[in-house]
Amino acid sequence: MSIRRTVVNSLINAEDIKPIEIPKVTAIFEENVFTLKKARKYLSEDVYKSLCYSIKGGKKIDRYTANQIAIGLKAWAESKGVTHYTHWFQPLSGTTAEKHDSFFTLKGDGTPIEEFDGSTLVQQEPDASSFPSGGLRTTFEARGYSAWDPSSPAFIMEVGYSKTLCIPTIFISYTGESLDYKAPLLKALEVLNKSALDVCNYFDKNITKVTATLGWEQEYFIIDEALSNARPDIVQCGRTVFGALPAKGQQLEDHYFGSIHERVLSFMRDFEAEAYKLGIPLRTRHNEVAPSQFECAPIYEEVSIAVDHNTLLMDVMERVSHKHKLRVLLHEKPFAGINGSGKHNNWSMSTDTGVNLLAPGKTPKTNLMFLTFFINAIKAVHDYADLLGASIASAGNEYRLGANEAPPAIISVFVGEYLSKVLDEVEQRVGDKFDEQDEAILKLDIHKSIPELLLDNTDRNRTSPFAFTGNKFEFRAVGSSANCANAMTVLNTIMAETLKNFKIDVDKLIEKGEKKEIAILQTLQKYIKESKKILFEGDGYSEAWHHEAERRGLSFIATAPLALDAMISDKAKKLFSNNKVFTYQELEARHEIELEKYIKKVQIEARVMGDLALNHIIPAAINYQNKLLTNINGHKAAGFSEETYAGQLAILQKISTHIQAVHQKTKALVDARKEVNKIENTRTKAIAYSSQVKAAFFNDLRYHVDKLERFVNDDDWTLPKYRELLFLK
Ligand code: ADP
Ligand code: MG
């Protein structure tokens with residue numbers, strides 16, 4: 001029996017793994033987080049106050065305070081059975097990094113003690129020379145260090161019986177360049193706070209802080225682990241490089257919102273329990289459109305916390321899936337021809353007075369505030385569409401965009417019919433200046449149309465990469481395996497920049513003697529005119545839209561290596577350095593890292609394809625070929641006429657043709673890869689990997705392999721098939 005058959009049979013006996021019983025979510029929520037409430041219990045009043053202060057205002061913590069916090073943290077952690085601690089950070093390699101150290105140490109005289117002090121809390125030097133730094137670390141210093149980020153609470157990670165205290169940190173080089181996702185994100189959020197606050201104060205002087213908010217929706221596939229282990233491509237690439245579509249794919253859409261299989265549900269309950277303990281406020285879970293595809297989403301949070309929580313959750317999901325003998329696939333496109341997975345980033349901004357700046361208001365004044373932020377967001381996307389494209393470009397997302405309900409590779413903004421009309425109305429007061437009467441515009445009852453607006457704007461247009469959904473924008477082009485920080489750093493920086501310029505424009509008009517409201521309206525009108533070409537309400541897949549978008553001069557997310565160019569354009573360099581989010585050097589380093597990641601991903605896929613073709617596909621096909629030959633020769637020997645074995649001959653013919661093609665394409669693929677590997681320049685090499693390796697051979701080779709899968713007898717085929725991966729539980 002083939003490995004595949006053995007694995008498939010073993011599934012039938014798969015035992016259910018019982019999830020941990022959760023009494024009530026509230027009973028375990030944040031159990032493993034050092035919340036301010038716990039800090040209050042473990043810290044003296046003064047130290048607690050300094051901690052709160054530094055969380056809010058980012059004030060530096062002195063040595064004494066750090067020591068006191070460390071003592072409190074250690075006491076809390078030990079009360080929960082923790083023995084080790086780690087600085088936890090999000091390096092650019094895409095996973096999270098931890099290096100565990102024990103509290104245990106020996107004093108000079110050999111006395112064993114448990115110790116954790118302020119300096120270990122605040123700063124650590126991970127032996128991290130193997131984290132990607134795009135040449136930065138070698139340019140400046142040999143190593144980077146991790147620095148405590150008090151704005152993100154410490155937490156305890158439980159893995160089996162071991163419990164580790166995790167200190168969220170940023171990861172930077174000795175000369176201050178950021179080497180992770182978090183450091184630039186925090187800077188972007190700070191500049192957004194500043195510019196948004198200035199604009200808010202036109203409307204309300206009581207507002208003193210603006211926080212960007214994020215609610216991500218994590219899509220994923222979950223499949224049996226034994227089946228996945230029998231697929232070297234899933235093991236090594238997180239996706240299938242071959243596989244014929246099953247007779248039943250997702251055309252019935254019967255999976256969407258269907259009931260969840262018990263085995264999957266038990267996995268969900270388990271990872272949710274872990275998530276709740278870590279303070280991740282998960283709210284929804286449901287089936288997605290594709291078979292074996294699911295989604296979970298939390299209640300939205302401050303962007304930086306939401307980013308930590310998403311990264312943590314991805315870790316937790318992977319760990320818990322193993323426990324359930326399942327494998328979670330976070331890749332953007334695990335299966336060709338079937339929906340890919342995204343991570344919609346729902347984004348808005350809220351004030352410390354409790355106002356959601358992207359929620360239509362109830363009075364003329366709040367309406368104007370809403371329109372201001374709404375239109376500035378549209379302008380930001382319009383002005384920096386290429387940067388948003390770069391922020392989500394990756395080898396995995398490249399497979400997803402533009403197909404099977406994923407947004408197309410053109411950035412546009414969907415606002416819905418109602419708001420389109422509102423924008424038209426503001427815009428159409430051409431020529432004559434706004435006057436008092438025009439304030440009527442502000443009396444539009446936008447808020448009364450909210451039900452209508454929500455209906456108009458929610459999931460209906462799934463092909464829009466950036467959609468307004470009633471009280472937030474939803475950036476849908478983000479890939480499922482991505483760290484949201486990348487997209488969020490860009491989005492919040494471009495919004496900050498746009499708002500900053502908005503204030504300058506409005507102030508100029510006010511200086512000329514214009515009334516504030518009128519100055520704002522006039523500027524908004526100008527912005528609508530300047531950026532309306534980014535607005536699109538129709539079908540993002542249509543041929544017509546592609547032509548139209550080209551005519552409008554909108555930016556296309558080409559292949560990832562080309563899309564990434566936007567990161568290092570003069571415009572991007574100016575934007576990020578003016579806002580102190582990235583220096584030129586940091587941008588160039590990041591650009592290099594993204595390209596390198598791309599090269600490695602495509603390189604590994606190409607190798608795995610070659611491997612599978614030679615070690616699985618061709619041998620399986622030859623086995624069957626031999627069986628057919630024996631059969632045909634038997635017929636011949638027994639004196640049967642050719643028409644009695646014409647079917648066998650026809651199949652043999654087809655199989656032989658495809659075997660030759662697979663062999664020839666595999667060789668050509670290997671040769672192309674060798675050629676491309678000689679290229680020194682990273683960008684040129686990435687582009688070559690994209691065109692000369694991926695585009696030139698992947699689909700072509702796959703075509704012949706998938707044909708063989710259809711012809712070769714089931715018993716000889718070694719790789720679990722799509723119908724097994726997707727439908728067996
Ligand atoms: P769907 O897009 O599937 O219709 P929902 O509209 O319920 O789902 O919400 C999706 C996500 O948007 C959730 O994580 C939710 O918390 C988040 N969200 C809601 N309001 C905001 C907001 N003001 N800022 C950021 N995210 C938000
Ligand atoms: Mg959504």
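Order of appearance sets the numbers: ligands from 1, and atoms from 1 within every ligand.
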Pair His324-Arg263, side chain to side chain contact (heavy atoms under 4.5 Å, CB included): steps then yes or no: CA-CA 8 Å; His324 287 258; Arg263 192 170 172 209; 5.9 Å; no

Derivation of the side chain to side chain contact (heavy atoms under 4.5 Å, CB included) call for Thr169 and Asp149: CA-CA 5 Å; Thr169 55; Asp149 166 19; 5.7 Å; no

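- Which parts of ligand 1 touch Ile299 is read off a 4.0 Å heavy-atom cut-off, strictly below it: atoms 16 (O).
- Under a 4.0 Å heavy-atom criterion, Asn356 is in contact with ligand 1.
- By heavy-atom distance, the residue among Asn471, Asn346, Thr469 lying nearest atom 10 (C) of ligand 1 is Asn346.
- Considering backbone and side-chain atoms together, Glu295 places no N or O closer than 3.5 Å to any N or O of ligand 1.
- Residue contacts with ligand 1 for Glu217 involve side-chain atoms from C-beta outward but no N, CA, C or O (heavy atoms, distance under 4.0 Å).
- In this comparison of Trp347, Tyr300, Phe473, the heavy atom closest to atom 20 (N) of ligand 1 sits on Tyr300.
- Residue Pro298 places at least one N or O, backbone or side chain, under 3.5 Å from an N or O of ligand 1.
- Taking the ring centroids of Phe473 and Phe374, they lie under the 6.0 Å cut-off.
- The ring pair (Phe, Tyr, Trp, His ring centres under 6.0 Å) test applied to Tyr384 returns no partner, not counting sequence neighbours.
- Looking at Met349, His344, Lys472, Glu474, it is Lys472 that brings a heavy atom closest to atom 5 (P) of ligand 1.
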Side chains of residues 480-491: which donor-acceptor pairs under 3.5 Å do they make with residues two or more places apart or in other chains?
residue: Ser480; atom: OG; partner: Leu330; partner atom: O; Å: 2.6
residue: Ser480; atom: OG; partner: His331; partner atom: O; Å: 3.3
residue: Ser480; atom: OG; partner: Ser341; partner atom: O; Å: 3.0
residue: Ser481; atom: OG; partner: Glu332; partner atom: OE1; Å: 3.2
residue: Ser481; atom: OG; partner: Glu332; partner atom: OE2; Å: 2.9
residue: Asn483; atom: OD1; partner: Ala485; partner atom: N; Å: 2.8
residue: Asn483; atom: ND2; partner: Gln90; partner atom: OE1; Å: 2.8
residue: Thr489; atom: OG1; partner: Ala485; partner atom: O; Å: 2.6

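- Exactly one of Asn376, Thr498, Asp505 qualifies for a side chain to side chain donor-acceptor pair (under 3.5 Å) with Tyr527. That residue is Asp505.
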